[in-house]
Amino acid sequence: HTFTPTFTHFGHGHTFETMLPIIRRNVLVFLLAVVTTSAFVIPTIRQPLTPLRDASNFGAPASTPILDTVSSPDDLKGMSMRDLKQLSHELRWDVINSVSKTGGHLGSSLGVVEMTVALHHVFSAPEDKIIWDVSHQCYPHKILTGRRKGMEQLRQMGGLSGFCKMKESNYDAMGAGHSSTSISAAQGYSIAKSLLNKPRNNCIAVIGDGAITGGMAYEAMNSAGYLKNRMIVILNDNGQVSLPTGTPSAGGQVPASSLSATTSQILVSKPFQDFRSVAKGLSGLFPENIQEINKRIDEYARGIVSGGTLFEELGFYYVGPLDGHDLDNFVPILEKLRDSPSNKPVLLHVKTTKGYGYPPAEAASDCMHGVAKFDVATGVQVKPKNPVAPSLTSIFANELVGVAQEDRNVVGITAAMPGGTGMDIFGRRFPKRTFDVGIAEQHAVTMAAAMAAEGIKPFVCIYSTFMQRGYDQVVHDVAIQNLPVRMILDRAGLVGNDGPTHHGAYDLSYLGCIPNLVIMGPSDEIELKNMIRTAHSIDDSPSVVRYPRGTGYGEEKLKDLFGYDLKNGMPEKGEVLPIGKGRIVRSSSRTTAGRDGKVAILSFGTRLHESLVAANEIEEADSSVAVTVADARFMKPLDIELVRSLAADHSAIVTVEENSIGGFGDSVLHFLSLEGLLDSGDLKFRPMVLPDAYFEAGPQYEQYENAGLNAKHIRGTVMRLMGKAVVPQLLDA
């Protein structure tokens with residue numbers, strides 16, 4: 001099969017547009033020839049990029065002599081290619097050994113080791129800006145930029161962040177944690193360097209095939225191409241869009257993205273490259289109009305095969321795909337891009353393998369994306385033995401499965417987080433009713449709104465922190481139109497080791513001010529099941545259920561501390577709750593106490609456990625104080641009858657929540673004020689919320705300790721409010 005452009009057909013007066021059908025036929029004939037003969041002439045691209053080694057011998061280096069010489073990226077500048085490869089090998093195992101002791105994001109970091117070495121060898125950070133999208137792949141970058149020793153305290157209280165952080169190092173050009181922001185940041189740096197007439201302007205955004213599904217990435221590319229800003233976007237294509245990729249869903253078990261089509265492999269096949277080289281070599285022999293035709297043929301073919309035209313239409317020059325683990329090829333291309341005088345933005349498409357070089361990661365369904373501490377020899381993670389209760393995420397997911405078994409109109413929607421939100425559990429049972437839209441929270445919310453308008457019952461399952469990205473859609477497309485979308489916010493409150501970018505600290509504040517919403521917060525696993533059933537029953541307004549990261553309390557604690565009657569064991573399924581009605585969980589046994597000696601703790605969410613512990617401790621410590629503990633259940637609509645009753649029977653009310661200022665406590669205070677219940681001065685009130693600060697990575701308990709929301713802090717607040725403890729006074733300077 002041969003491709004022969006028949007230029008004799010082109011007569012005077014013809015334009016490229018009139019000849020486009022002929023060109024298309026010729027291009028398609030050529031592509032068909034390539035495809036049909038590929039088994040004989042096209043070398044197979046490695047999938048995965050390296051063979052899986054024997055698990056008993058992973059090839060870990062006995063020492064790290066080259067890595068030991070690196071204290072900053074400057075130490076990479078004079079290294080030979082051989083040394084760079086050895087450095088990559090040592091660096092990969094340094095990451096593995098470090099994360100095995102602390103836990104963290106492993107697979108993504110292993111996939112970019114060679115890329116990180118190449119970038120710091122070719123470019124001169126921090127003057128040259130290297131921006132890691134999401135940045136959970138930044139561990140090799142941290143090690144090469146002087147933070148190797150700090151990896152011992154990775155994601156621990158007072159230690160290194162698990163993400164890039166500007167205040168941690170000047171090599172971290174932009175902090176991250178959420179996705180799709182890197183291209184915008186790179187463009188901003190490029191524009192600023194141009195305006196300041198800086199002699200060097202190299203700004204590199206490294207973005208994965210998951211993060212590039214976010215709309216903000218396309219907004220940035222559209223702007224960069226239009227403004228012609230000098231920048232390099234490296235598309236790290238590892239086929240792992242969602243966490244984990246491969247969850248059964250309405251789109252099948254493939255990545256939730258159409259960018260990484262398998263036909264992109266043809267772009268690097270030898271016959272295709274030979275054809276392009278020959279066509280370019282011959283083009284100089286033809287008149288200018290024929291040169292332009294050849295150029296358009298080349299671009300059209302690249303677009304059909306790889307999708308490169310998409311980026312070129314946005315104003316980028318597309319290069320790739322390249323093997324991201326091949327330093328011999330990768331380094332010279334980066335050098336050419338660095339030294340190019342062109343101001344046109346470039347998209348460099350790089351194929352990598354997530355978890356590369358560590359067989360247990362390569363074999364895992366999630367490529368060991370996020371791991372606990374693990375045994376390096378086997379990859380087996382150290383996890384708590386015999387937990388007293390399942391995770392709240394799995395409890396939610398299994399309850400939703402039960403609801404969906406009874407109602408065929410129930411669907412689940414996730415934004416690239418099926419594992420984190422429990423949609424992987426739902427998807428295995430109902431793949432055709434599971435929709436993973438990629439990292440596209442805005443799209444997920446509006447899509448759900450339209451589904452609800454047509455009679456479907458969508459459950460949109462998104463982390464609290466990521467719902468911030470879909471806020472306008474919640475207001476504009478859901479709440480204003482009063483559509484019954486069920487929003488399930490996992491990871492509400494403080495989340496532990498992922499730190500401030502992932503805390504769900506604001507959802508009650510940013511959602512509580514929106515009319516039409518029903519907002520619920522379960523205090524335990526039974527209440528979580530009840531609230532999923534309740535959300536399903538609400539067909540006349542949107543609803544929200546927010547719950548924290550963690551596990552349930554288990555049957556014994558639910559009986560002993562929470563007072564549940566579980567003679568027949570844990571309930572198999574939840575029950576629908578009356579909308580806007582809370583409950584009294586603990587009434588004091590001191591029935592003779594007068595109002596002046598009575599205090600009410602009104603909890604919203606899972607701080608109820610700490611509130612009950614505090615109540616018991618208070619009454620044990622002081623016989624003159626009687627403590628009532630109530631579970632609000634609903635922030636909207638607020639149970640005003642419960643609040644009125646607590647205000648009438650108690651001289652003080654303390655609200656407790658896992659949210660910043662402006663949430664549940666403010667709603668209660670607003671009601672008390674408008675109702676005039678504070679006017680006489682005989683009712684004291686204290687809201688306990690997350691302080692106005694960011695909480696760095698660390699164990700959840702320590703974070704709540706620092707936030708002042710554990711039992712001892714609730715006890716202290718009550719005792720001071722009741723005049724039973726001295727309040728420290730700030731001294732004048």
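Only this structure's heavy atoms are used, side chains among them; waters, hydrogens and symmetry mates stay out. From a predicted model like this one, the values you see are computed outputs, not experimental measurements.
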Can you check whether Gly210's main-chain N or O pairs, donor with acceptor, with Thr213's side chain at less than 3.5 Å? yes
Any side-chain to backbone donor/acceptor pair from Arg491 onto Arg546? Under 3.5 Å, distance only. no
Without hydrogens or angle criteria, can the side chains of [X] and [Y] be said to hold a donor-acceptor pair below 3.5 Å?
X      : Y      : answer
Lys354 : His369 : yes
Ser391 : Ser394 : yes
Arg338 : Ser340 : no
His349 : Tyr318 : yes
Ser194 : Asn201 : yes
Ser190 : Asn229 : no

From [atom1] ([X]) to [atom2] ([Y]), nearest 0.5 Å:
X      : Y      : atom1 : atom2 : answer
Glu168 : Glu696 : CD    : CD    : 9.0 Å
Cys461 : Leu489 : SG    : CG    : 9.5 Å
Ser135 : Lys165 : OG    : NZ    : 9.5 Å
Ser161 : Leu154 : OG    : CG    : 8.0 Å
Asp490 : Leu392 : CG    : CG    : 8.0 Å
Asn706 : Glu702 : CG    : CD    : 7.0 Å

Which pair of non-hydrogen atoms, one from [X] and one from [Y], has the smallest distance, and what is that distance?
X      : Y      : answer
Val134 : Phe163 : O-CD2, 3.3 Å
Pro345 : Gly315 : CG-O, 3.6 Å
Glu658 : Thr606 : OE2-OG1, 2.8 Å
Ala372 : Gln381 : N-OE1, 2.9 Å
Asp507 : Ala492 : OD2-CB, 4.0 Å
Phe58  : Ala377 : CE1-O, 3.4 Å

Ring of Tyr704, cation from Arg607 - is the NZ or CZ under 6.0 Å from the centre and inside 45° of the axis? yes
In terms of relative ring orientation, are Trp93 and His89 parallel, tilted or perpendicular, with 30° and 60° separating the classes? perpendicular
Angle class for the Phe466/His502 ring planes (parallel below 30°, perpendicular above 60°, tilted otherwise)? perpendicular
May I ask you to check whether over 12 heavy atoms, not counting those of Lys77, lie within 6.0 Å of atom NZ? yes
Greater than 12 external heavy atoms within 6.0 Å of Leu227's CG: yes
Sequence neighbours left out, what passes salt bridge (Lys or Arg N to Asp or Glu O under 4.0 Å) with [X]? Give chain and number order.
X      : answer
Lys712 : Glu705
Glu610 : none
Asp498 : Arg155, Arg549

Determine the sole option in Asp326, Asp237, Asp323 for which the side-chain contact (heavy atoms from CB on, under 4.5 Å) test with Lys351 is passed. Asp237
For a side chain to side chain donor-acceptor pair (under 3.5 Å) check, start with the C-alpha distance between Asn236 and Thr352, then their side-chain angles and the critical distance, and finish with the verdict. CA-CA 7 Å; Asn236 179 31; Thr352 63; 2.6 Å; yes
Using the ring pair (Phe, Tyr, Trp, His ring centres under 6.0 Å) criterion, which residues pair with Phe123? Sequence neighbours excluded. none
Would you say the rings of His325 and Tyr356 are close, in the sense that their centroids are separated by under 6.0 Å? yes
Give me each pair satisfying side-chain hydrogen bond (donor to acceptor under 3.5 Å, both in side chains) with a member in residues 97-110, each pair once, sequence neighbours excluded. Ser108-His136
Once side-chain hydrogen bond (donor to acceptor under 3.5 Å, both in side chains) is applied, do any residues pair with Lys129, and if so which ones, sequence neighbours excluded? none
